[in-house]
Amino acid sequence: MSCDKDAETRHTLDCFRDRLKRLIQVEPLLDLLHFLEPDRKDRIKAKFREEGNISAATLLIDEIIHSKNCEQGWSRELVTALETVGCKHAAKYVLNSPPEPTEEAENDSCVRLIDLLQLTLVNMKTADVCAHCRVMGLLTQEDQENILKLIENQGNIGGARLLLKRLVKNEAGWFSKFLQALEDTEHHELVRELRGEPCNEDEAMSVETVEEGEQSCSSATVETNMYSSMSLLPPVLSANSSLLSEDLDSSVDSSGLGACADNEEVDMYKEGEEEDLTEDDNPSEEHKRDIVLRDYQMEVARPALEEKNIIICLPTGSGKTRVAVYITKEHLEKRKQMGQPGKVVVLVNKVPLVEQHYKAEFGRFLKHQYSVERVSGASQLKISFPQIIEQNDIIICTAQILENSLAKAKNGDEDGIKLSQFTLMVIDECHHTKKGGVYNHIMIRYLKQKHQNQLLKKQEKSPVPLPQILGLTASPGVGGAMSQQRAEEHILQICANLDAFTIKTKTFEEEEAKTPFKRIARAEERKEDPFGDVIKKIMDEIHEHADLKPLCEPGIQNYEQWVVQKEQNAAKEENQKVRVCAEHLRQYNEALHQSNTIRMSDAFRFLDKYHNEELKTKSIADEEGTVTITDTERFLFTLFKDNKAKLQELMGKPQYENNSLAQLKTNILKEFSTRERARGIIFTRTRLSAIALCQWIQENPKFDEVGVSASYLIGGGDQSVVKPMTAAEQKDVLNKFRDGQINLLIATTVAEEGLDIAECNFVIRYCLVTNEIAMIQARGRGRAEDSSYTLVAEAGSGVAERESVNEYREKMMSTAIAKVCKMNRADYEKKTREFQMQAIIEEKVKIKKKLLKGMMKEPPSKISLSCRQCSVFVCSGEDIEKIENMHHVNVTKQFSKLFTVRGNASLQERLLDYETNGVIACKNCGQQWGSMMLYKSIECPCLHIKHFVVTYSSKKKTFSKWSELPIKFPAFDYTQHADLLVEDSEEENLETD
């Protein structure tokens, strides 16, 4: 029995190693572990002295797992030792009794908060707090002695740091005790900060406003405030505090390992994901933080080191971000020497890049010297953005957060910030600085202030300071230019938008370049496609039934655009026959596309799932009866049912599969058969195809024989019929790819740009061509010496031809950059100034139009809503109110009689003051209308405008976002509705009595 227990403990240690190495106190523990031989202990002690506690704990775990000489019962001795030295939290993991996921998540949020506020907390009266923590059982006698000794030798701050590091290793519940210790020692300000209690309500700032139409409640990803998962932190944590920052990877299922006995792949914490507080700063590591640039990197950095605004254009994998880190370091050091404050903001356009830049670059090289913090829409701590700006030297954030805060300052909000607070602004993937983009909104503010500064100088007034600009890109593109002149104008426009003094690039020597070998693998055109013929026959019958005459052949993009337009027009005209036929045609068109790129069985499953879900919505009975099925819907369901058997028969015949899939198979097998260690990425167009290709590879034994281990990587936006990937899921896949557990990624374009994906030796673009920027980005993923880049395309599809156009545009871009770099300085400045003035004037015109539009907004009574599918009247605009200036709800009794509520597991997402846990649908036809929100205990049906036809000024229109409607809706009156609910409840009670 004891042997079994010891084996189980080894397995548990292996599963929880990434958590345990941050919880174990190695030095005091070793003295109590008698089952370890002295030479093993000496190795661990040496590791502790040289590399710190985490490295030593990692070695200790490895020694225990791999040791074959441990006497029976060692596992009990280990647990007892952990409890004795105060590592009770670690002991629970070793016993395979970790806390519940919600409790663990709360604990992680506390650790993260202590880390974030460390600079403030180290000023506590350490000796007093230490004494109280000892009494409360948060510290051992040895801990207290070590802390007091450190206070004596290094001062109060040194002791405080050790105290904080020791505290976070306690089991869940330590945070509330720590708060009590601070209260007892009269650190009331620190307690308020830790609880997130602002001096006034405005301090808890919302930095990312998301319009309901763009991010619907139905996606279960409704975002409120930037730091909204915790309303007030412990001692009593919010019920919703389990919505953690992605930094903490709180998706770990710690409910025990019994369930994963058959599956060794337990989702544990990865290396470096919880680093700041629990990682010892080791002076011996500092030499590894030195930034050494190669000659070409130093050359492109030089103008920036002279405080000029520049764009650095270097290929993917050539170290652009490392150059930016070096420039940041030099910038801050120079300002420090001059006695001037320095503050750097690093802007990214994707949430995962915030964490990536922190861990891999800016945090890794600079956090030992400067305070570095990251902020994104996934951040969950209730600390205002201006506070973060004020307390840190380097801030890495999504551009939208900065733009929102700049807009607040413009509107006079105290929680806003100004560009003048920064001295350097780094813009990653800066080719996105173009009309309509958030980068451009920020730079327009910069250009307007620059223009105003010129006027101030003329008036002999002090100009407003502006940050230095550093843009990073692998490819600025040519903006769709068809001529060399237009390409040059595009490059100049990007330079003007970023106020760049120049654009710096480098043509690599042959030995430096890692350009992959490129080939185009053309698959033969399909000779027979009986599966596709059946689908086209179905579509022809639908065309005839609805009297539709398509302008092109089904299965292509033009047909998709045509059928979408038909559906919109039919909805406005209340022609339900055409509308529902167009909707079904759209699904069949998607299935045709799928059968041309993935398996016929995948296309069939897609259609079958769609029809089953539609049938389900038409057969939901309630107390009043059943949803009506129209004759057209009955015709469409019957049509699919009649052809279902034929489609199933054909999908089982491999001779009819598309040749592109066979060509892809040949290429994958070749890569894995001819390389010693193959690692690659396949880029495909849709999320559906990424998932289907991954499944095809996993189910095919041929791939397994050559060692293929595949997984898919898709985006996080809710703009598809496929459930999006969360940031944690994306991170998990990328970590496994980096570690080698996965050696083939099937990805959508989310992986083309920015994300730090491990070095690959082959890249395949599967039936996918977009623009020259995407081509360069995708090709750049092949960074290994002998890498290859393959385009797999069916002959006659036009894909290979479009790739040739992109190659031509890439050459145009390189020539354009070279010409811009060689331009006469006066000509360059004249041209960029013209572009800048044009941008400023356009922005002023846009603002005026927006103000006029706002003034012209009409009352809600001007509109009415009807069901997009059955045209039944739904409500007047007067019945609609807005919650948090975002969600449009109708809480009238009349409206409640018109819909049914269906459960939807993907919607059961709890947020700060509300939760979404069901779909509301038309009682008459089953058309989805929105979702049911529970807002502060009041059920509020939330309407999604895309599901309705809007009658506005006697004209019927369709909208995709509420913001497109020039109507001003009133704010939701919570008090009024709460009073009405109480009155109704009292009346019901009286009737019952």
Side-chain angles (χ1 to χ4, degrees), residues 1-48 51-101 103-104 107-108 137-143 166 168-174 252-271 274 278:
M1 180 67 77
S2 180
C3 290
D4 291 344
K5 181 64 179 172
D6 290 346
E8 184 186 330
T9 303
R10 280 194 175 94
H11 176 63
T12 306
L13 285 169
D14 194 32
C15 288
F16 287 120
R17 66 164 61 240
D18 289 291
R19 172 72 75 167
L20 285 167
K21 69 186 180 186
R22 290 169 171 77
L23 297 175
I24 291 173
Q25 285 282 91
V26 172
E27 200 171 29
L29 184 67
L30 283 175
D31 296 335
L32 302 177
L33 298 183
H34 305 298
F35 60 84
L36 278 180
E37 295 90 348
D39 59 331
R40 290 177 185 271
K41 288 185 179 180
D42 290 342
R43 280 201 297 273
I44 296 165
K45 286 176 181 176
K47 179 70 79 172
F48 177 86
E51 297 181 26
N53 190 74
I54 288 182
S55 297
T58 303
L59 180 59
L60 171 63
I61 293 165
D62 287 336
E63 291 284 3
I64 294 173
I65 290 172
H66 299 118
S67 175
K68 295 178 181 176
N69 302 323
C70 293
E71 57 192 39
Q72 285 189 13
W74 64 264
S75 57
R76 181 65 256 172
E77 183 179 327
L78 173 62
V79 171
T80 304
L82 285 168
E83 290 173 343
T84 303
V85 299
C87 297
K88 293 178 182 177
H89 199 27
K92 285 194 172 182
Y93 279 94
V94 174
L95 288 169
N96 192 13
S97 299
E100 290 295 318
E103 187 181 354
E104 188 177 65
N107 188 63
D108 286 337
L138 295 176
L139 300 171
T140 63
Q141 181 65 41
E142 185 176 348
D143 290 331
R166 184 63 195 86
V168 298
K169 295 182 188 293
N170 277 288
E171 60 188 324
W174 60 269
V252 178
D253 180 2
S254 304
S255 56
L257 295 173
C260 57
D262 298 325
N263 182 4
E264 298 278 323
E265 291 181 18
V266 185
D267 184 319
M268 291 295 115
Y269 281 70
K270 300 299 175 189
E271 185 71 30
E274 223 180 297
T278 53

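Residues take their numbers from the sequence shown, with the count starting at 1. All values derive from a computational prediction rather than experimental measurement. When reading the values below, keep in mind they use all heavy atoms of this one structure, side chains included, and skip hydrogens, waters and symmetry mates.
Atom NE2 of H11 is separated from atom OG1 of T9 by 11.0 Å, given to the nearest 0.5 angstrom. Distance check, rounded to the nearest 0.5 Å: CG of L13 to CZ of R19 gives 15.0 Å. Note that the CG atom of L82 and the CG atom of L33 stand 7.5 Å from one another [nearest 0.5 Å]. Atoms CG and CD1, on D14 and I65 in that order, are 4.5 Å from each other to the nearest 0.5 Å. Annotation: the span from L20 atom CG to T58 atom OG1 amounts to 10.0 Å, rounded to 0.5 Å. Distance check, rounded to the nearest 0.5 Å: CG of L95 to CZ of R76 gives 6.0 Å.
Taking 4.0 Å as the cut-off between side-chain N and carboxylate O, K41 and D31 do not count as a salt-bridged pair.
Using cut-offs of 30° and 60° for the angle between ring planes, the W74 and F35 rings count as tilted.
By the 6.0 Å contact criterion, CD on E171 is enclosed, its count of non-hydrogen atoms from other residues, nucleotides or ligands being greater than 12.
Formation of a donor-acceptor pair under 3.5 Å by the N170 side chain with backbone atoms of L138 is found in this model. Panel note: side chain R166, backbone G86; a donor-acceptor pair is recorded below 3.5 Å. In this structure, R10 contributes its side chain and I64 its backbone to a donor-acceptor pair below 3.5 Å. Put simply, the side chain of K169 gets close to the backbone of R22: a donor and an acceptor are under 3.5 Å apart. The closest donor-acceptor contact from the side chain of N53 to the backbone of L23 lies at 3.5 Å or more, if one exists at all. Looking at Q25, its side chain never comes within 3.5 Å of a backbone N or O of C87 through a donor-acceptor pair. Of the possible donor and acceptor atoms, one in the side chain of D143 sits under 3.5 Å from a partner among the backbone N and O of T140.
Side-chain contact check for L59 versus F48: every heavy-atom pair is 4.5 Å or farther apart. At a threshold of 4.5 Å between non-hydrogen side-chain atoms, the residues K21 and D18 count as touching. With a 4.5 Å cut-off on side-chain heavy atoms, I44 and K47 do not count as touching.
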I'd like to know whether L60 forms a side chain to side chain contact (heavy atoms under 4.5 Å, CB included) with L36, so could you lay out the CA-CA distance, the side-chain angles of the two residues, the decisive distance to 0.1 Å, and finally the verdict. CA-CA 10 Å; L60 171 63; L36 278 180; 3.6 Å; yes

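Nearest heavy-atom pair, I24 versus A57, reported as atom, atom and distance to 0.1 Å: CB-CB, 4.4 Å.
Judged as a side-chain hydrogen bond (donor to acceptor under 3.5 Å, both in side chains), and not counting sequence neighbours, K88 has no contacts.
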